[in-house]
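These values consider heavy atoms only, across backbone and side chains, with no hydrogens, waters or symmetry-generated copies. Sequence positions, counted from 1, serve as the residue numbers for this chain.
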Amino acid sequence: MLKEILKLIKMNGSQINNVSKYWKEIDYDVSSYIIVWNNKESRFFLENNTKEFIFSYILLSYKYGILLPNNIQLNDNLTEDISDLLENEKTIFSDNWINFSFNKLYSYTNGLLYQSILFVNENNELKPEKIVNADLLMTYEDFLNDSNINVYGEPIKILFFRNYFTITFGNDAFFEKLNNKKTTGIIDNSETAYLNTPRFNSFLRDFIILCFEYGATDFNFEWLGDENISEKGILFGNEIVYYEDIYDLLQEEHKYKPFEEIQIELDDTNYKKWLVTKEK
């Protein structure tokens, strides 16, 4: 099947240079992934294991280059840095959220800011960038260097509310075909999607497993009719492709190296139990 998927690349629509400039904010409701802690015991467990959960989450984020934290870096002092972040920085949502300060990872000025490594196509060259606003191709460095920028258009958003995470999309950068207000007809985005979408799918899968490891009790996929999105992630070639499926097939310059460098052990026991319960 992977060979068939590879054949799809550069066969999905009109071929143009600088295809990333045609990424567009999604102006309709998209599907969401929702992981829930729906009882006191599960919430208590998460709150009391905050540091351990965040430690593993950061490893996942850097392993796949998806939803990189703004306020903490991957280093040998990660445990101490997490403690300092949680203890010394006031959350901007303290009145509304439980004592689980996940959102401090993304606090920026008066809001939340998310960045992901996306391979972009500029001047017919594929290269990785820390993208914050995919619609305008703004990088995280753009925001740091220009205090007047206040328009966030995150390609992916993750929010933690009182007892659940939600992951949603704000941009069509991960879709293999583009058909939006910037395009005339269908434009082929498969070459960039092939380098970005499988990483997201692997990140999403592992993140859900991690949440169940730390007490999550349910997972809901809110499907709102978008044909590109499924319960397991974003479709490529009408199926879900994970990064480990294609990594060895990529050219060296197109490989996101932390994927093979960062090792993380996940306990999928609770997730598998939930799957069995769901199937009954």
Side-chain angles (χ1 to χ4, degrees), residues 1-10 12 19-20 23 30-31 33 35 55-69 74 114-121 125-131 134 140 154-158 165 167-177 188-213 219 221 228-268 271-272 275:
M1 183 59 72
L2 283 177
K3 290 182 178 179
E4 295 178 6
I5 292 175
L6 287 170
K7 290 180 181 178
L8 289 172
I9 297 178
K10 294 190 175 182
N12 284 328
V19 68
S20 303
W23 292 344
V30 296
S31 303
Y33 304 95
I35 305 100
F55 182 91
S56 295
Y57 171 83
I58 292 171
L59 290 183
L60 280 183
S61 181
Y62 277 94
K63 180 178 178 67
Y64 295 112
I66 301 296
L67 291 170
L68 298 174
L74 189 62
Y114 309 97
Q115 57 175 322
S116 292
I117 301 291
L118 297 187
F119 279 84
V120 302
N121 184 313
E125 176 188 3
L126 285 167
K127 59 181 181 179
E129 295 277 9
K130 288 184 179 179
I131 297 296
Y140 182 62
E154 301 93 349
I156 311 171
K157 299 179 182 181
I158 183 170
F165 278 101
I167 296 178
T168 57
F169 297 90
N171 192 279
D172 57 7
F174 293 90
F175 299 163
E176 59 183 304
K177 300 176 184 178
D188 182 4
N189 188 52
S190 60
E191 193 171 27
T192 51
Y194 187 67
L195 301 179
N196 297 322
T197 302
R199 281 188 295 113
F200 170 78
N201 290 339
S202 291
F203 168 82
L204 175 68
R205 176 202 58 204
D206 288 359
F207 175 65
I208 293 170
I209 291 172
L210 177 67
C211 287
F212 275 90
E213 182 179 344
F219 166 70
F221 171 62
N228 300 292
I229 302 177
S230 76
E231 183 175 9
K232 293 184 177 181
I234 305 173
L235 298 174
F236 191 96
N238 296 318
E239 68 172 301
I240 292 297
V241 179
Y242 295 109
Y243 201 48
E244 59 269 24
D245 296 331
I246 68 166
Y247 186 76
D248 290 338
L249 303 175
L250 299 174
Q251 299 178 31
E252 283 299 313
E253 64 268 27
H254 295 158
K255 289 182 176 180
Y256 177 71
K257 292 294 186 178
F259 169 73
E260 60 180 303
E261 297 167 355
I262 297 175
Q263 303 299 318
I264 176 171
E265 293 185 5
L266 297 173
D267 183 353
D268 62 359
Y271 178 64
K272 287 182 176 178
L275 286 176

Quick one: does [X]'s side chain have a donor or acceptor within less than 3.5 Å of a partner on [Y]'s backbone?
X      : Y      : answer
Tyr114 : Ile158 : yes
Glu213 : Asp267 : yes
Lys130 : Ile117 : no

Is any side-chain heavy atom of [X] closer than 4.5 Å to a side-chain heavy atom of [Y]?
X      : Y      : result
Glu239 : Val241 : yes
Ile58  : Leu74  : yes
Pro128 : Phe119 : yes
Tyr256 : Ile66  : no
Lys63  : Phe203 : no
Tyr62  : Pro69  : yes

> Excluding sequence neighbours, so at least two apart, what forms side-chain contact (heavy atoms from CB on, under 4.5 Å) with Ser20?
Replying inline: Trp23, Val120, Asn121, Leu137, Thr192

>> List the residues meeting side-chain contact (heavy atoms from CB on, under 4.5 Å) with Gln263, not counting sequence neighbours, and say none if there are none.
In response: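 With neighbours one apart ignored, the set is empty.
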
> Is the Tyr57 ring parallel, tilted or perpendicular to the Phe207 ring (thresholds 30°, 60°)?
Replying inline: perpendicular

>> Parallel, tilted or perpendicular: which one describes the rings of Phe236 and Tyr194, with boundaries at 30° and 60°?
In response: tilted

Quick check for you: to the nearest 0.5 Å, what is the distance between [X] atom [atom1] and [Y] atom [atom2]?
X      : Y      : atom1 : atom2 : answer
Leu210 : Asp268 : CG    : CG    : 11.5 Å
Ile264 : Phe55  : CD1   : CZ    : 8.0 Å
Glu260 : Asp248 : CD    : CG    : 8.5 Å
Leu266 : Ser56  : CG    : OG    : 7.0 Å
Glu191 : Glu176 : CD    : CD    : 13.0 Å
Ile246 : Leu195 : CD1   : CG    : 6.5 Å

> So among Asn189, Asn201, Leu235, Ile156, which one has a side chain to side chain contact (heavy atoms under 4.5 Å, CB included) with Phe174?
Replying inline: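 The single option meeting the side chain to side chain contact (heavy atoms under 4.5 Å, CB included) with Phe174 is Ile156.
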
> Do Tyr242 and Lys232 pass the side chain to side chain contact (heavy atoms under 4.5 Å, CB included) test, and can you show the C-alpha distance, the side-chain angles, and the key distance before you say yes or no?
Replying inline: CA-CA 10 Å; Tyr242 295 109; Lys232 293 184 177 181; 4.1 Å; yes

> With a cut-off of 6.0 Å (strictly less than), are more than 12 heavy atoms of other residues, nucleotides or ligands near NZ of Lys255?
Replying inline: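 Enclosed.
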
>> A quick test of your reading: do over 12 heavy atoms of other residues, nucleotides or ligands sit less than 6.0 Å from CD of Glu265?
In response: no

>> Give me the atom names and distance for the closest heavy-atom approach of Pro198 to Ala193.
In response: CD-O, 3.4 Å

> What's the shortest heavy-atom distance between Arg199 and Leu118, and which atoms?
Replying inline: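 Shortest heavy-atom separation between Arg199 and Leu118 comes out as NH2-CA, 4.1 Å.
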
> What residues, two or more places apart in sequence or in another chain, satisfy ring-ring contact (aromatic ring centres under 6.0 Å, His included) together with Phe219?
Replying inline: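 For Phe219, no residue satisfies ring-ring contact (aromatic ring centres under 6.0 Å, His included) once neighbours in sequence are set aside.
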
> Are the ring centres of Tyr243 and Tyr64 closer than 6.0 Å?
Replying inline: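 Ring-ring flag for Tyr243/Tyr64: false, centres at least 6.0 Å apart.
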
>> Between Ile208 and Ile35, is the side chain to side chain contact (heavy atoms under 4.5 Å, CB included) condition met? List the steps.
In response: CA-CA 7 Å; Ile208 293 170; Ile35 305 100; 4.3 Å; yes

> How far apart are the C-alpha atoms of Phe169 and Phe200, what are their side-chain angles, what is the distance that settles it, and do they pass the ring-ring contact (aromatic ring centres under 6.0 Å, His included) test?
Replying inline: CA-CA 11 Å; Phe169 297 90; Phe200 170 78; 4.9 Å; yes

